[in-house]
Amino acid sequence: MPTEPTDKNRATAAAILPLVGGPDNVASIAHCMTRLRIALRDRSLVQDEALKALPAVLGVVEDDTYQIVLGPGAVARVTPQFEALVEEGRSATTPGPVPASASAPDTVSSPHPVTAGELAAQGASLKEAQKARNATPFKLMLRRIANIFVPLIPALIGCGIIAGLNGLLMNLGWLPAVVPALAAIASGFMSLIAVFVGYNTAKEFGGTPILGGAVAAIIVFPGVAKITAFGTELRPGQGGVLGALAAALLAVYVEKRCRRLVPEALDVLVTPTLTVLISGLVTLFGLMFLAGEASAAIGTFADRLLSTGGAFAGLVLGGLFLPLVMLGLHQALIPIHTTLIEQSGHTVLLPILAMAGAGQVGAALAVHCRLPRNRSLRATIKSALPAGFLGIGEPLIYGVSLPLGRPFVTACVGGAAGGAFVGLFNQLGISFGSTAIGPSGWALFPLLDGTSNPGVTVAVYAGGLLTGYLVGFAATYFFGFTGQMLTDLNTDPDPDPDTPDPDTPDAVSGPAKAPALT
């Protein structure tokens with residue numbers, strides 16, 4: 001039936017809403033590529049374990065908002081339904097909020113077999129503690145920068161895939177009449193990305209979005225070629241997204257100053273005029289040149305890093321990416337990725353960083369093999385692995401490897417090995433990258449682009465994934481557990497004689513305590 005997908009998405013939203021405390025507990029709603037992001041009024045009303053048990057939910061993550069991982073595609077369909085239900089609930093008489101006592105416990109203290117839910121709770125607790133320790137001004141600023149670029153990712157993905165298809169048609173000599181049309185479709189957004197960055201920057205930092213976009217539009221205006229700054233003629237687009245970011249930040253500052261100083265009767269005329277004029281002049285005679293130099297330096301550094309020390313650089317980048325994610329520092333890479341895509345059509349860093357997800361998948365497979373009697377944890381891994389192969393690692397990170405401790409470290413080892421593999425081929429001259437940011441894992445294949453034959457590019461990236469899987473698996477299988485961890489974890493926390501586990505027909509259970517994180 002035509003309504004079936006909508007009914008399914010609405011059912012998912014309806015199942016989630018009471019578990020986050022009902023409509024009155026939801027302050028704001030947003031979504032990114034994979035997560036429904038909810039600002040909560042009372043965190044204690046959320047039933048974490050019940051949420052994680054929903055079939056459509058891949059995991060939950062706590063950051064500046066409460067984030068429910070639904071996966072790409074699904075989140076964009078569930079969010080409007082969730083918003084509609086919240087609005088309906090606020091306008092109608094609804095039962096009171098779920099008592100805080102109904103929430104899942106935050107810690108595991110009783111001596112009983114360790115369940116996947118308890119491990120996930122430990123992972124969430126670690127995440128919350130890490131967030132509290134790292135809520136520094138610098139990291140909060142990185143988070144705001146991420147909020148500027150994340151809304152652009154769907155357009156980057158769509159245009160990136162079209163650009164890759166166009167390149168394939170050009171190489172094969174097929175459909176020559178269609179190639180110019182695809183080129184226009186793929187390039188249109190990138191030619192104006194500075195405007196969108198300026199708009200989002202002003203919106204994020206409390207200015208008027210359209211004024212931020214207006215100032216950023218100066219950067220891509222063809223007429224700037226007639227202007228000389230620092231002894232050189234400007235080029236349309238010079239400075240790119242970095243220049244747009246800086247110009248819009250300046251516009252926000254000027255606008256706020258004007259709002260305080262300009263009389264209210266003149267505000268509607270004077271404030272926008274001075275904001276655009278002052279910010280525009282500074283952009284033309286300063287920011288464009290400086291941002292252009294910074295962008296060129298980023299591109300040169302990335303190329304030299306991989307061409308001269310590719311294997312070592314790949315090892316470091318692939319191995320440290322998961323810890324960077326835990327610290328929130330990965331958000332600093334978003335403008336760098338975007339700058340590289342703007343300059344050369346692809347970012348050479350993303351395929352290497354994607355190897356961290358491969359190491360995570362390999363580690364999860366090893367955990368599955370090493371704990372044949374822990375049905376709960378194995379069920380979590382089985383449900384999260386498809387998302388992991390597609391580059392969505394949160395369910396495996398926060399539900400499996402992070403609360404276990406050692407498998408998180410061995411997952412990083414797998415990521416380092418995969419990164420070194422891809423970096424080595426970059427060093428040997430097979431340079432390639434992703435035409436968009438956001439996807440990872442197998443989902444990155446359609447976005448690969450480079451200087452070599454497409455088949456070679458795909459083969460190298462696939463080889464990196466395979467290396468990450470194998471090394472992550474081996475490192476976790478042999479070094480991811482202590483003897484005590486295996487004893488504590490390798491039990492059936494919820495034995496049911498009527499539903500034997502086909503993998504472990506002789507499974508037994510017994511009391512065990514949660515392992516110490518090592």
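Only this structure's heavy atoms are used, side chains among them; waters, hydrogens and symmetry mates stay out.
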Engineer: Could you please spell out the steps behind the side-chain hydrogen bond (donor to acceptor under 3.5 Å, both in side chains) verdict for N25 and Y66?
Structural biologist: CA-CA 12 Å; N25 197 38; Y66 192 81; over 6 Å; no
Engineer: Would you say the side chains of T308 and Q427 form a donor-acceptor pair under 3.5 Å?
Structural biologist: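 Q427 and T308 do not have a side-chain donor-acceptor pair below 3.5 Å.
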Engineer: Just wondering, do V20 and F82 contact through their side chains at under 4.5 Å, heavy atoms?
Structural biologist: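 Result yes, sub-4.5 Å side-chain heavy-atom pair found.
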Engineer: Just verifying a value: how many Å separate T410 OG1 and F478 CZ, rounded to the nearest 0.5 Å?
Structural biologist: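 Output value for this atom pair is 12.5 Å.
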Engineer: Specify the closest pair of heavy atoms between T65 and R37, including all atoms of both residues, with the distance to one decimal.
Structural biologist: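 Minimum heavy-atom separation between T65 and R37: OG1-CB, 3.6 Å.
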Engineer: How about R35 and L70: do any of their side-chain heavy atoms sit closer than 4.5 Å?
Structural biologist: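 No, their side chains stay 4.5 Å or more apart.
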Engineer: Within this structure, what is the OG1-CD1 distance for the pair T338 and I437, rounded to the nearest 0.5 Å?
Structural biologist: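 One finds 4.0 Å between OG1 of T338 and CD1 of I437.
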Engineer: So L54 and T12, do their side chains get closer than 4.5 Å, heavy atoms only?
Structural biologist: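 No; the side chains remain at least 4.5 Å from each other.
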Engineer: To check you understand the geometry: which heavy-atom pair defines the closest contact between V471 and G414, and what is its length?
Structural biologist: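 Smallest heavy-atom distance, with atoms named: CG1-CA, 3.9 Å.
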Engineer: Once you round to the nearest 0.5 Å, how far does OG1 of T347 lie from CD of Q343?
Structural biologist: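 It comes to 10.5 Å.
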Engineer: Backbone N or O of G418 within a donor-acceptor pair of the T467 side chain at under 3.5 Å?
Structural biologist: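 Judged by distance alone, no pair lies under 3.5 Å.
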Engineer: Taking the six-membered ring for Trp, are F473 and Y477 parallel (under 30°), tilted (30 to 60°) or perpendicular (over 60°)?
Structural biologist: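 Judged by the thresholds at 30° and 60°, the geometry between F473 and Y477 is parallel.
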Engineer: Is the backbone N or O of A297 less than 3.5 Å from a side-chain atom of T300, with the two atoms forming a donor-acceptor pair by type?
Structural biologist: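 No; zero donor-acceptor contacts below 3.5 Å.
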Engineer: For the residue pair I161 and L165, establish whether any side-chain heavy-atom pair is separated by less than 4.5 Å.
Structural biologist: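 Heavy-atom side-chain distance check fails, nothing below 4.5 Å.
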Engineer: Shortest non-hydrogen contact from L340 to V348?
Structural biologist: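 In this case the closest contact between L340 and V348 is CD1-N, 4.4 Å.
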Engineer: On a heavy-atom basis, which atom in P323 and which in C412 lie closest, and how many Å separate them?
Structural biologist: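 Result for this residue pair: CD-SG, 3.7 Å.
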Engineer: Got a second to check how far L424's CG is from F312's CZ, nearest 0.5 Å?
Structural biologist: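 Separation between the atoms: 14.0 Å.
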Engineer: For A436, does its backbone N or O pair with a side-chain atom of S434 as donor and acceptor, under 3.5 Å?
Structural biologist: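 Present.
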Engineer: Do R378 and V367 have side chains that get closer than 4.5 Å, going by heavy atoms?
Structural biologist: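 No; the side chains remain at least 4.5 Å from each other.
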Engineer: Between CG of L245 and CD1 of I145, what distance do you get to the nearest 0.5 Å?
Structural biologist: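 Answer rounded to 0.5 Å: 6.0 Å.
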Engineer: Check the pair L365, L385 against side-chain contact (heavy atoms from CB on, under 4.5 Å), reporting the backbone distance first and the verdict last.
Structural biologist: CA-CA 8 Å; L365 289 170; L385 271 177; 3.4 Å; yes
Engineer: With rounding to the nearest 0.5 Å, note down the distance linking NE2 in H346 to CG in L448.
Structural biologist: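 Here the rounded value is 10.0 Å.
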Engineer: Hey, does the Lys NZ or Arg CZ of R144 hover above the aromatic six-ring of F205, less than 6.0 Å from the centre and inside 45° of the axis?
Structural biologist: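 Yes.
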Engineer: Tell me, with the steps shown, if I68 and V78 meet side-chain contact (heavy atoms from CB on, under 4.5 Å).
Structural biologist: CA-CA 11 Å; I68 302 172; V78 172; over 6 Å; no
Engineer: For a side-chain contact (heavy atoms from CB on, under 4.5 Å) check, start with the C-alpha distance between Y469 and F389, then their side-chain angles and the critical distance, and finish with the verdict.
Structural biologist: CA-CA 10 Å; Y469 296 151; F389 280 114; 3.4 Å; yes
Engineer: Return the orientation label for the H330 and F321 ring planes: parallel under 30°, perpendicular over 60°, tilted otherwise.
Structural biologist: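 It falls in the perpendicular class, over 60°.
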Engineer: I'd like to know if the side chain of N200 reaches the main chain of I148, judged simply by a donor and an acceptor atom lying under 3.5 Å from each other, with no hydrogens or angles considered.
Structural biologist: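 Answer holds: yes.
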Engineer: Is the backbone of S307 close enough, under 3.5 Å, to the side chain of N426 for a donor and an acceptor to pair up by distance?
Structural biologist: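 Side chain of N426 to backbone of S307, a donor-acceptor pair under 3.5 Å: no, none is there.
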Engineer: Between Q67 and I38, is there a donor-acceptor pair closer than 3.5 Å when you use the side chain of the first and the backbone of the second?
Structural biologist: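 Side chain of Q67 to backbone of I38: no pair is present.
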Engineer: Between T435 (side chain) and L447 (backbone), is there a donor-acceptor pair under 3.5 Å?
Structural biologist: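 At least one qualifying donor-acceptor pair exists.
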Engineer: Could you pull out the closest heavy-atom pair between H31 and L36, with the gap in Å?
Structural biologist: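 Closest heavy-atom pair between H31 and L36: CB-CA, 4.3 Å.
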Engineer: Looking only at the aromatic ring of each residue, does the gap between the centers of F189 and F196 stay below 6.0 angstrom?
Structural biologist: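 Between F189 and F196, which both carry aromatic rings, the centre distance is below 6.0 Å.
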Engineer: Taking the side chain as C-beta and beyond, is there a heavy-atom pair between F408 and V400 under 4.5 Å?
Structural biologist: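 With C-beta onward as the side chain, the pair stays apart.
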Engineer: Considering non-hydrogen atoms only, spot the tightest contact between R406 and M485 and give its length.
Structural biologist: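 What the structure gives for the nearest pair is CD-SD, 3.7 Å.
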Engineer: Under 4.5 Å between any side-chain heavy atoms of V60 and V69, yes or no?
Structural biologist: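 With C-beta onward as the side chain, the pair stays apart.
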Engineer: Could you walk me through whether F479 and V409 pass side-chain contact (heavy atoms from CB on, under 4.5 Å), step by step?
Structural biologist: CA-CA 10 Å; F479 305 106; V409 176; over 6 Å; no
Engineer: Tell me, do L489 and Q484 make a side-chain contact under 4.5 Å, heavy atoms counted?
Structural biologist: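 Heavy-atom side-chain distance check fails, nothing below 4.5 Å.
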